[in-house]
Amino acid sequence: MGGASCARTLAPMAEETRIALVRRARKINRALAETYPYAHCELDYENAWQLLVATVLSAQTTDLRVNQVTPGLFAKYPRPADLAGAEPADVEALIRPTGFFRAKTRSITGLAAAIVADYDGMVPKTTADLVKLPGVGRKTSFVVTGNACACDECRAGTGNHGANVTSPFGRPGITVDTHFQRLVRRWRWTEETDPDKIEAAVGALFPKSDWTDLSHHVIWHGRRICHARKPACGACPVAPLCPAFGEGETDPEKARKLLKYEKGGFPGQRLKPPQAYLDAGGRPAPPLGAG
């Protein structure tokens with residue numbers, strides 16, 4: 001399979017109609033859903049409160065590193081009220097491995113205090129209220145509302161429903177992280193660079209009910225196959241639909257060596273991944289200090 005022939009096939013995409021773009025985008029999402037049927041949020045969490053804090057901590061670091069520090073953090077500060085009254089130095093010591101630990105300490109203690117003062121100690125239900133919290137933007141709010149349980153116990157930090165949502169927030173959203181931004185531009189879904197404009201442009205291509213799973217599919221593909229520096233084009237399930245085919249390794253054998261993929265036995269980001277992920281051949285991530 002040569003990059004030149006594929007490039008000739010895909011060149012007309014620059015002139016594709018709006019209908020053709022929508023169809024191609026949805027075909028890509030369906031192909032990714034078949035490749036990653038177990039795609040999920042890769043932060044470990046038991047409730048909406050934990051997911052909110054973990055997502056804030058995930059800025060400028062990996063989900064794995066966050067997952068390695070949050071067990072200790074939540075064991076000491078299980079509820080918003082506990083973290084709101086914490087000594088900053090104690091919090092900093094626990095989250096130091098995530099980087100920018102002083103700024104992140106101010107954010108998570110500040111959002112905890114705001115939740116206690118303004119929302120009766122429970123994570124607010126709406127994006128409009130969530131983004132008022134320190135360190136919380138639209139991306140963070142959509143991670144919470146798209147994946148967590150909105151029951152009172154989970155919003156207060158006392159529930160343990162995890163991904164077993166008994167009371168959904170009912171507000172799907174598109175999580176525009178660095179992987180998402182890179183891939184949607186490679187696929188020519190949009191030329192926007194501002195996250196809010198990317199969110200609007202891509203959201204218009206899909207029904208709202210698809211937004212949360214779409215985010216997981218795209219982010220997983222960016223982490224596992226469509227890497228920033230050297231995408232594994234020759235092993236990519238959406239290569240026939242991709243205008244950027246040829247930016248990375250096109251030889252199938254060489255491309256397979258670039259994969260970071262659970263069916264090859266690689267660990268994911270979570271210390272406690274869902275069973276579907278383990279059934280697909282993935283392995284749990286190691287705890288902090290292991291190996």
Side-chain angles (χ1 to χ4, degrees), residues 13 16 18-43 45 48 51 54-55 58 63 127 130-131 137-150 162-163 165 168-228 231-232 236-245 260-262 268-270 273-274 276-277 280 282:
M13 286 184 181
E16 70 182 338
R18 176 71 180 180
I19 292 176
L21 171 60
V22 170
R23 288 174 176 169
R24 181 169 62 87
R26 295 184 182 186
K27 284 181 181 178
I28 288 175
N29 188 39
R30 287 195 295 271
L32 296 181
E34 292 178 1
T35 305
Y36 313 108
Y38 41 79
H40 57 272
C41 176
E42 290 198 272
L43 289 166
Y45 65 98
L51 182 56
T55 307
S58 70
D63 288 355
T127 295
L130 280 164
V131 298
R138 289 179 66 82
K139 182 186 83 169
T140 296
S141 72
F142 290 149
V143 171
V144 175
T145 60
N147 296 282
C149 180
V165 178
F169 277 82
R171 291 174 175 82
I174 293 176
T175 305
V176 184
D177 74 346
T178 55
H179 299 290
F180 195 96
Q181 293 182 47
R182 179 178 75 253
L183 269 61
V184 299
R185 286 198 294 269
R186 278 181 175 167
W187 293 331
R188 296 185 195 168
W189 289 2
T190 180
E191 294 182 356
E192 300 290 351
T193 57
D194 177 78
D196 290 348
K197 292 181 179 178
I198 292 173
E199 176 195 327
V202 174
L205 302 176
F206 296 88
K208 287 185 179 181
S209 57
D210 288 352
W211 286 358
T212 296
D213 285 341
L214 169 71
S215 300
H216 292 321
H217 298 154
V218 175
I219 291 168
W220 276 56
H221 193 59
R223 285 176 171 167
R224 288 156 173 78
I225 295 180
C226 195
H227 312 306
C236 178
V238 300
L241 300 166
C242 180
F245 180 87
K260 299 175 182 177
Y261 193 33
E262 31 287 320
Q269 303 281 301
R270 296 186 67 165
Y277 175 83

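Remark: side-chain polar atoms of R171 are not paired, donor with acceptor, to backbone N or O of S141 under 3.5 angstrom. One N or O on the side chain of R24 and one on the backbone of L241 form a donor-acceptor pair closer than 3.5 Å. With R182 contributing its side chain and C226 its backbone, the two residues share a donor-acceptor pair below 3.5 Å. A donor-acceptor pair is defined here as one N or O able to donate and one able to accept, closer than 3.5 Å; no such pair exists between the side chain of Y277 and the backbone of H40. With S215 contributing its side chain and T175 its backbone, the two residues share a donor-acceptor pair below 3.5 Å. Side-chain atoms of Y38 never come within 3.5 Å of backbone atoms of G282 as a donor-acceptor pair (strictly under, hydrogens ignored).
In this structure, the separation between CG on N147 and CZ on F142 is 12.5 Å, given to the nearest 0.5 Å. Note that CZ of R18 and CZ of R23 are 13.0 Å apart. Values are rounded to the nearest 0.5 Å. Here the CG-CD distance, from L21 to E16, works out to 5.0 Å after rounding to the nearest 0.5 Å.
The shortest distance between side-chain heavy atoms of T55 and C41 does not fall below 4.5 Å. When side chains are defined from C-beta on, E192 does not count as touching V184, because their heavy atoms never get closer than 4.5 Å.
Nearest approach of Q181 to P195, heavy atoms of both residues: NE2-CG, 4.0 Å. Considering all non-hydrogen atoms of both residues, W220 and E262 come closest at CZ3-OE1, 3.7 Å. Nearest heavy atom pair, residue R185 against residue I198, reads NH1-CD1, 3.6 Å. The two residues L51 and A148 have their closest heavy-atom pair at CD2-CB, 3.9 Å. The shortest heavy-atom contact between R224 and G268 is NH2-CA, 4.4 Å. Shown here for D63 and S58, the closest heavy-atom pair between the two residues is OD1-CB, 3.8 Å.
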Please list every donor-acceptor pair under 3.5 Å in which a side-chain atom of residues 200-207 meets a protein atom from a residue at least two apart or in another chain.
none

Show which side-chain atoms of residues 29-36 pair as donor or acceptor with protein atoms under 3.5 Å away, not counting sequence neighbours.
unit_1: N29; atom_1: OD1; unit_2: H217; atom_2: ND1; d: 2.8
unit_1: T35; atom_1: OG1; unit_2: A31; atom_2: O; d: 2.9
unit_1: Y36; atom_1: OH; unit_2: H221; atom_2: ND1; d: 2.9

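Residue R138 is tested with V176, I174, T127, L130 for a side chain to side chain contact (heavy atoms under 4.5 Å, CB included); the sole match is T127.
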Would F180 and W189 count as a ring pair (Phe, Tyr, Trp, His ring centres under 6.0 Å) if you check the C-alpha gap in whole Å, the side-chain angles of each, and the deciding distance to 0.1 Å? CA-CA 11 Å; F180 195 96; W189 289 2; 7.2 Å; no
Test log, rule side chain to side chain contact (heavy atoms under 4.5 Å, CB included), inputs V143 and Y45: CA-CA 12 Å; V143 171; Y45 65 98; over 6 Å; no
Could you give me the CA-CA distance, side-chain angles and deciding distance for R223 and E42, then say whether salt bridge (charged side-chain N to carboxylate O under 4.0 Å, His left out) is met? CA-CA 11 Å; R223 285 176 171 167; E42 290 198 272; 2.6 Å; yes
